[in-house]
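A note on names: the letters A, B, ... follow the listed sequences, proteins ahead of strands, and every chain is numbered from 1. Everything quoted here is computed from the prediction, not taken from an experiment.
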Number of protein chains: 4
Amino acid sequence: MSITASPPLEHAGIHKRERRKQARPQELLDAALTLFVEKGFAATKVEDVAALAGVSKGTLFLYFSSKEDLFKAVIRSNLADHFPVWNQEFDEFQGTTVEMLHYAMQSWWERIGNTTASGITKLVTSEASNFPDVVQFYEVEVMRPGHELFKKILQRGIDNGEFRAFDTDNAVYSLVSVIAFLSMWKHSLSPCCTSSMLDPVIFLRNHVNALMHGWLHT
Amino acid sequence: MSITASPPLEHAGIHKRERRKQARPQELLDAALTLFVEKGFAATKVEDVAALAGVSKGTLFLYFSSKEDLFKAVIRSNLADHFPVWNQEFDEFQGTTVEMLHYAMQSWWERIGNTTASGITKLVTSEASNFPDVVQFYEVEVMRPGHELFKKILQRGIDNGEFRAFDTDNAVYSLVSVIAFLSMWKHSLSPCCTSSMLDPVIFLRNHVNALMHGWLHT
Amino acid sequence: MSITASPPLEHAGIHKRERRKQARPQELLDAALTLFVEKGFAATKVEDVAALAGVSKGTLFLYFSSKEDLFKAVIRSNLADHFPVWNQEFDEFQGTTVEMLHYAMQSWWERIGNTTASGITKLVTSEASNFPDVVQFYEVEVMRPGHELFKKILQRGIDNGEFRAFDTDNAVYSLVSVIAFLSMWKHSLSPCCTSSMLDPVIFLRNHVNALMHGWLHT
Amino acid sequence: MSITASPPLEHAGIHKRERRKQARPQELLDAALTLFVEKGFAATKVEDVAALAGVSKGTLFLYFSSKEDLFKAVIRSNLADHFPVWNQEFDEFQGTTVEMLHYAMQSWWERIGNTTASGITKLVTSEASNFPDVVQFYEVEVMRPGHELFKKILQRGIDNGEFRAFDTDNAVYSLVSVIAFLSMWKHSLSPCCTSSMLDPVIFLRNHVNALMHGWLHT
DNA sequence: TATGAATGAGCCTTCATTCAT
DNA sequence: CATGAATGAAGGCTCATTCAT
């Protein structure tokens with residue numbers, strides 16, 4: 001639940017104060033994620049992050065040495081944790097590759113996309129040029145593993161004869177692009193666009209279906 | 001129509017200085033677009049915008065009452081000019097709808113995507129929640145007309161029997177999402193990601209091909 | 001009587017912990033003196049003082065109500081203990097006044113100058129205008145007794161015919177100034193000046209000799 | 001008079017505003033010197049420096065990139081300018097070396113000691129360990145040239161037979177120490193010590209006399 | 001007593017905005 | 001119209017001080 005899997009604390013030795021101390025970093029990271037995603041990095045004041053986490057300005061600096069450090073920690077703590085799980089799910093998956101692709105997209109939406117966590121994508125995109133090293137981190141820890149995972153899925157489909165052979169590298173971007181798009185949509189456009197309804201679940205199903213009919217043997 | 005190019009004005013009785021005077025606002029808008037896209041709104045200093053436009057800080061405020069006003073003007077001035085042309089091209093287009101879709105995507109890349117203009121998309125997305133009214137613009141001036149244009153194209157395909165009947169509203173997003181994705185890619189990730197090669201022209205062709213095979217009659 | 005040395009207490013019924021408790025204030029004063037002299041009052045953090053004394057930040061405030069209070073206590077506790085001894089030594093001194101002056105200067109260097117205690121002089125000087133009342137202490141407790149002691153020595157020399165009559169008040173400053181100078185030298189310049197060698201013992205001997213014999217040919 | 005010897009500005013082209021701009025740095029340096037000497041570096045707020053110079057906080061940062069930069073500029077601008085003059089005066093001096101020494105000390109007092117500039121010595125001493133590079137600068141630009149100048153004077157006295165041969169290196173410190181002492185006295189002790197009168201001019205004369213003639217009966 | 005997590009006033013620094021020239 | 005020196009509100013960060021444990 002927290003970053004550092006913490007042993008049960010209910011026993012005698014741990015006081016309320018101490019329990020707060022251990023929870024603080026995550027509370028601050030959550031608050032920061034919310035505000036960074038909502039207003040952008042520069043437009044968010046550390047004081048507001050602290051307030052949202054229920055602490056004072058000074059407390060934040062007990063746990064993060066600077067606003068930028070907080071930014072990196074936010075990105076780090078919300079990424080990359082899912083890939084081990086997903087890679088394992090991929091290895092153990094029993095159904096067809098078609099089902100697998102649908103499952104992958106839908107579970108992304110449920111676990112990430114429909115969550116504040118997808119704001120990270122928007123955040124990294126928005127602030128990329130101001131924090132090149134963060135982008136490096138994002139590329140290595142998120143983009144590349146994600147790309148590889150999708151590529152493996154597509155290759156599985158080709159290998160077992162479901163799909164005809166095609167350029168999987170480019171095809172991955174056809175999947176990734178809607179993930180990026182829905183991240184933007186959720187955190188940027190949709191809150192402001194009263195019209196323009198879009199049901200992500202249906203959209204994802206249709207999108208994958210359309211692509212796959214193009215990839216299937218005729 | 002590009003950022004730096006200006007149509008020859010020597011024929012009229014306009015002196016060089018006066019020409020500069022008239023060009024000022026546009027030069028400032030171009031400079032602002034460049035920097036806002038590159039660094040974000042908050043991280044861009046008006047002084048740098050002025051410097052890039054070749055004028056002093058004070059001059060900028062002769063034309064735009066505030067930094068926020070400049071931001072909105074940047075968005076406004078870079079929107080919506082293309083749709084009349086595209087709508088006309090659509091009406092006059094002679095080939096198949098498949099060809100038409102490829103043409104639409106490729107010409108978007110050539111005229112917008114591969115240009116500073118696509119930075120608008122990134123910009124609006126990045127700063128959306130701080131400027132809700134700007135998103136309103138964008139929705140009315142860009143997203144909605146774009147959606148309608150693609151929808152008309154898809155409907156044309158259905159009407160003339162090329163495509164089977166399908167949910168065109170959602171299908172449009174399968175096209176729009178890659179446009180959004182490539183805008184982000186060009187202005188955020190690709191400048192920082194040394195690896196992860198992506199050829200937009202090939203990607204767009206493959207993407208449309210895959211989708212259409214899904215949309216075609218089997 | 002030196003800063004760190006503490007007389008053996010084991011004989012009494014005082015336990016180790018209690019001994020620590022009684023030693024706390026002095027340990028804090030020693031730590032504060034060290035850091036105040038080294039970095040100045042403002043640049044010294046109370047947390048560092050506490051850490052150097054081996055206690056927590058909170059403990060420091062159990063003994064001193066504020067950083068300023070700590071500062072004043074540092075000055076107070078390091079002053080004035082030497083003059084009774086020196087006055088007695090003066091009264092009992094058997095040799096010539098020339099010998100006496102040399103002895104006074106050399107023993108100042110050994111007992112004070114070459115010790116953290118001379119940092120007090122630097123400290124008072126550096127922070128004087130921010131703590132005028134501290135300077136009052138210092139004047140009454142150190143400068144005035146010191147001046148009187150030197151004046152008595154010089155007067156002794158005049159009285160017993162070793163010296164010709166001269167303005168002893170001003171002459172005292174010729175002695176005091178090198179004491180002040182060596183205090184500064186030890187705690188400010190010499191740690192930073194790799195070149196500029198100065199041997200205080202030799203310098204003090206030469207200085208006193210010069211004052212007494214002069215540089216001219218007789 | 002100012003740092004960058006400025007051409008006469010009274011002619012037409014220079015407006016009031018521009019004249020201020022050229023005067024600002026020196027005004028700020030003067031204000032900073034005053035406050036740094038009076039309260040120390042850390043205890044001085046840049047806002048107070050700006051206020052004393054008659055400008056706003058922001059203006060100060062137009063001319064100095066940081067408080068530390070201002071500190072270094074203060075030290076730099078008030079030092080080292082006198083040595084060329086003094087070296088020349090030494091070369092052209094006609095009288096005896098005894099007269100020369102008296103002249104050197106008295107003119108130091110008039111031109112530096114009795115001025116805010118002597119506060120620099122106190123300032124460097126107080127903040128030495130926090131700004132080691134400043135001390136390096138001070139040693140090279142001030143202490144060393146000063147030492148050499150005095151040494152040349154003493155050597156002149158030995159060479160022309162006025163003085164007997166003695167250790168000039170150490171003797172220089174007998175002169176330098178009173179310079180340091182009077183700097184401290186003026187800026188630290190004397191403002192707080194209502195008693196303890198000290199007339200620097202008389203003290204300097206007596207000090208030099210004593211060093212040269214000694215206190216003993218001949 | 002001792003601890004150290006928490007606080008928040010205060011300071012350095014930035015930068016959008018103004019205005020005298 | 002254009003300039004750029006000047007402003008001052010705002011925000012990141014520090015650190016003396018408090019207080020629950």
Inset, instruction - Provide, to the nearest angstrom, the distance between the CG atom belonging to A:L62 and the P atom belonging to F:dA16. - result: 14 Å
Legend entry - Assigned partner base of F:dC13, Watson-Crick or wobble definition, under 3.5 Å: E:dG10
Inset, instruction - Determine: side-chain N/O of B:Y63 to OP1/OP2 of F:dA2, distance under 4.0 Å, yes or no. - result: yes
Legend entry - Spacing of C:F71 atom CZ relative to F:dA16 atom C1', expressed in whole Å: 16 Å
Legend entry - Length of the line joining B:E68:CD and E:dT17:P, which is rounded to integer Å: 9 Å
Legend entry - Closest listed nucleotide, where the reference is the side chain of C:F61 and the choices are E:dT18, F:dT17, F:dG8: F:dT17
Inset, instruction - Please state how far atom CG in A:D48 lies from atom C1' in F:dG12, giving the value in whole angstrom units. - result: 13 Å
Legend entry - Sugar-phosphate only, base, or nothing, as touched by D:T44 at under 4.0 Å among non-hydrogen atoms: sugar-phosphate
Inset, instruction - Would you kindly say whether B:S188 and A:T125 are connected by a side-chain donor-acceptor distance under 3.5 Å? - result: no
Inset, instruction - Please give the nucleotide sitting opposite E:dT21 as a Watson-Crick or G-U wobble pair, both distances under 3.5 Å, or none. - result: F:dA2
Legend entry - Most 5' of A:V55 and D:G58 on DNA chain E, judged by nearest nucleotide: A:V55
Legend entry - Length of the line joining A:E47:CD and E:dA9:P, which is rounded to integer Å: 10 Å
Inset, instruction - Starting from P on E:dA16, measure out to CG on B:L70 and report it in whole angstrom. - result: 11 Å
Inset, instruction - Answer yes when A:D133 and A:K72 have at least one side-chain N-carboxylate O distance shorter than 4.0 Å, and no when they do not. - result: yes
Legend entry - Ring centroid separation A:F131 to A:F41 under 6.0 Å: yes
Inset, instruction - For C:F64, answer base if it contacts any base atom (sugar-phosphate contacts may also be present), sugar-phosphate if it contacts only those atoms, and nothing otherwise; contact means non-hydrogen atoms under 4.0 Å. - result: nothing
Inset, instruction - Rounded off to whole Å, could you give me the CZ-to-C1' distance for the D:F41 and E:dC12 pair? - result: 10 Å
Inset, instruction - Under 4.0 Å between any heavy atoms, over every strand shown, what does C:V46 touch: base, sugar-phosphate, or nothing? Just pick one. - result: base
Legend entry - Spacing between C:L60 atom CG and E:dT1 atom C1', to the nearest angstrom: 14 Å
Inset, instruction - Might you confirm whether atom CD of D:Q136 has over 12 heavy atoms from other residues, nucleotides or ligands at distances under 6.0 Å? - result: yes
Inset, instruction - Answer yes or no on whether C:R76 is positioned over the face of C:F137, meaning its NZ or CZ is under 6.0 Å from the six-membered ring centre and within 45° of the axis. - result: no
Inset, instruction - Please state whether the base of E:dT7 and the side chain of A:K57 form at least one donor-acceptor pair under 3.5 Å? - result: no
Legend entry - Touch class at under 4.0 angstrom, heavy-atom based, for D:K45 against every strand present: sugar-phosphate
Inset, instruction - Return no unless some side-chain N or O of A:T59 is found under 4.0 Å from OP1 or OP2 of E:dT7. - result: yes
Inset, instruction - With heavy atoms under 4.0 Å as the rule, sort C:K67 into base, sugar-phosphate or nothing. - result: sugar-phosphate
